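Please read these numbers as outputs of a predicted model, since none were measured by experiment. Numbering of residues begins at 1 and proceeds along the displayed sequence.
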Amino acid sequence: ELLSDPPGWKGAPARLRLAGLLRALAEHHDGTQTPETVAAASRWVEDRRGWRVGNVLDHLLDLAAPRIGIEKSPENSSRDDSLERLDAAYPRARYLHLARHPLTTVSSMHAAWSERGYWQVEPPLFHHFCLGVWYHQHSRIEAFLERLPPDRAVRVRSEDVLNEPAATLPGVCARLGIGSDADAIEAMSHPERSPYAETGPEGAAGGWDAGFMRDPVLRRTELPERFELPPDWIVDPWLSLASAALAARLGY
């Protein structure tokens, strides 16, 4: 199902959504990401069309061992059954709920999505659409994590990670059971060193946020002092109130 778009699909096409998977396979299979190794990864995936997604992820986890695998696709929180499948496939997985203030999130989503034409949303209502995505996905994550034992979930504000990494990351590391010494925190503060930090090669030109890949360094980010919608946003009052309440529960 990942290899082709279902009928009526709204969103990025499959060839773009596969970029992260193909880059990971190229990196682990061949130790480098080039048009040739990405093409080989694509053929590898095609030869295994009948595999379940869990089979592919298991393969990547085996290749990455003893390091811990991280799955960070935002689409995982787009539906309840996606999260349920994750939990069923990996009952010992730990979850890091990475929050971001709704106002800066919506501004970023609007800038990235409004001109793509993926969704049939009238331009004046696109802020409402983006805020709805923020609200429903974080609500879904919140409800999902409430059912898990406390030691399997941790929430952190992304602004704290970006603005105060030395103060924020040790606590996150402790909850996840990974090293948090000075060298580890220093390494985490340099995402530009990742083999996935830049735009991918031909055939897999994506995989992360495009804006980040243009300048992949850790930088401070804005943290609004309060939840106050800009006057030019057209947003349903119920959604505005519900989002404000959820933002407060997330620490904003």
Side-chain angles (χ1 to χ4, degrees), residues 11 72-80 83 94-116 118-119 121-148 150 152-176 180 185 188-189 191 208-252:
K72 56 168 288 293
S73 302
E75 289 178 340
N76 289 336
S77 57
S78 296
R79 295 169 47 144
D80 290 327
L83 289 171
R94 289 164 294 183
Y95 294 88
L96 178 63
H97 182 184
L98 190 63
R100 184 183 179 187
H101 196 285
L103 298 186
T104 56
T105 304
V106 169
S107 295
S108 178
M109 292 162 68
H110 190 280
W113 292 354
S114 61
E115 303 297 326
R116 296 292 182 91
Y118 292 154
W119 302 277
V121 179
E122 292 296 321
L125 299 179
F126 211 87
H127 287 106
H128 171 88
F129 169 72
C130 293
L131 184 59
V133 172
W134 179 92
Y135 172 77
H136 288 292
Q137 293 203 214
H138 281 290
S139 295
R140 191 173 291 113
I141 296 169
E142 181 184 46
F144 173 71
L145 297 186
E146 284 178 351
R147 303 196 298 270
L148 298 181
R152 289 187 58 202
V154 58
R155 177 185 296 140
V156 64
R157 301 192 312 179
S158 61
E159 296 89 353
D160 295 334
V161 175
L162 292 170
N163 297 341
E164 302 291 342
T168 305
L169 289 173
V172 175
C173 294
R175 291 290 301 274
L176 296 177
S180 60
I185 300 302
M188 294 176 198
S189 300
W208 271 13
D209 177 79
F212 168 78
M213 290 191 292
R214 283 193 292 269
D215 186 20
V217 297
L218 200 68
R219 61 178 65 85
R220 294 185 62 83
T221 187
E222 175 190 2
L223 179 56
E225 295 181 359
R226 58 187 179 275
F227 184 95
E228 184 175 315
L229 298 181
D232 59 326
W233 290 14
I234 300 175
V235 173
D236 180 88
W238 178 91
L239 178 60
S240 177
L241 291 172
S243 298
L246 175 57
R249 294 199 300 274
L250 297 179
Y252 296 107

Non-hydrogen side-chain atoms of [X] and [Y] separated by less than 4.5 Å:
{"X": "Ser139", "Y": "Trp134", "answer": "no"}
{"X": "Ser77", "Y": "His138", "answer": "no"}
{"X": "Glu164", "Y": "Arg157", "answer": "no"}
{"X": "Tyr135", "Y": "Val106", "answer": "no"}
{"X": "Pro191", "Y": "Pro216", "answer": "no"}
{"X": "Leu131", "Y": "Pro102", "answer": "yes"}
{"X": "Ile185", "Y": "Pro170", "answer": "yes"}

- Should we say atom CZ of Arg147 is surrounded by more than 12 heavy atoms from elsewhere, each under 6.0 Å from it? yes
Working to the nearest 0.5 Å, report the span between [atom1] of [X] and [atom2] of [Y].
{"X": "Phe144", "Y": "Asp80", "atom1": "CZ", "atom2": "CG", "value": "10.0 Å"}
{"X": "Glu75", "Y": "Gln137", "atom1": "CD", "atom2": "CD", "value": "9.0 Å"}
{"X": "Glu225", "Y": "Leu103", "atom1": "CD", "atom2": "CG", "value": "12.0 Å"}
{"X": "Asp236", "Y": "Leu125", "atom1": "CG", "atom2": "CG", "value": "10.5 Å"}
{"X": "Arg140", "Y": "Asn76", "atom1": "CZ", "atom2": "CG", "value": "11.5 Å"}
{"X": "Tyr95", "Y": "Leu176", "atom1": "OH", "atom2": "CG", "value": "13.0 Å"}

- Message: The criterion is ring-ring contact (aromatic ring centres under 6.0 Å, His included); which residues satisfy it with Phe126, sequence neighbours excluded?
- Response: His110, Phe129
- Note on the structure: On a heavy-atom basis, the closest approach of Met188 and Cys173 is CE-SG, 3.3 Å
Donor-acceptor pair, side chain of [X] and main chain of [Y], under 3.5 angstrom:
{"X": "Asn163", "Y": "Thr221", "value": "yes"}
{"X": "Arg219", "Y": "Asp215", "value": "yes"}
{"X": "Thr168", "Y": "Asp160", "value": "yes"}
{"X": "Arg155", "Y": "His97", "value": "no"}

- Item | Stepwise side chain to side chain contact (heavy atoms under 4.5 Å, CB included) check, His128 with Ile234 | CA-CA 6 Å; His128 171 88; Ile234 300 175; 5.9 Å; no
- Under the side-chain hydrogen bond (donor to acceptor under 3.5 Å, both in side chains) test, which residues partner Arg214, sequence neighbours left out? none
Donor-acceptor pairs are to be reported for all side-chain atoms of residues 238-252 against protein atoms at under 3.5 Å, with residues two or more places apart or in another chain.
residue	atom	partner	partner atom	Å
Ser243	OG	Leu239	O	2.8
Arg249	NE	Glu142	OE2	2.8
Arg249	NH2	Glu142	OE1	3.0
Tyr252	OH	Ala99	O	3.4
Tyr252	OH	Arg100	N	3.3
Tyr252	OH	His101	N	3.4
Tyr252	OH	Glu159	OE1	2.5
Tyr252	OH	Glu159	OE2	3.4

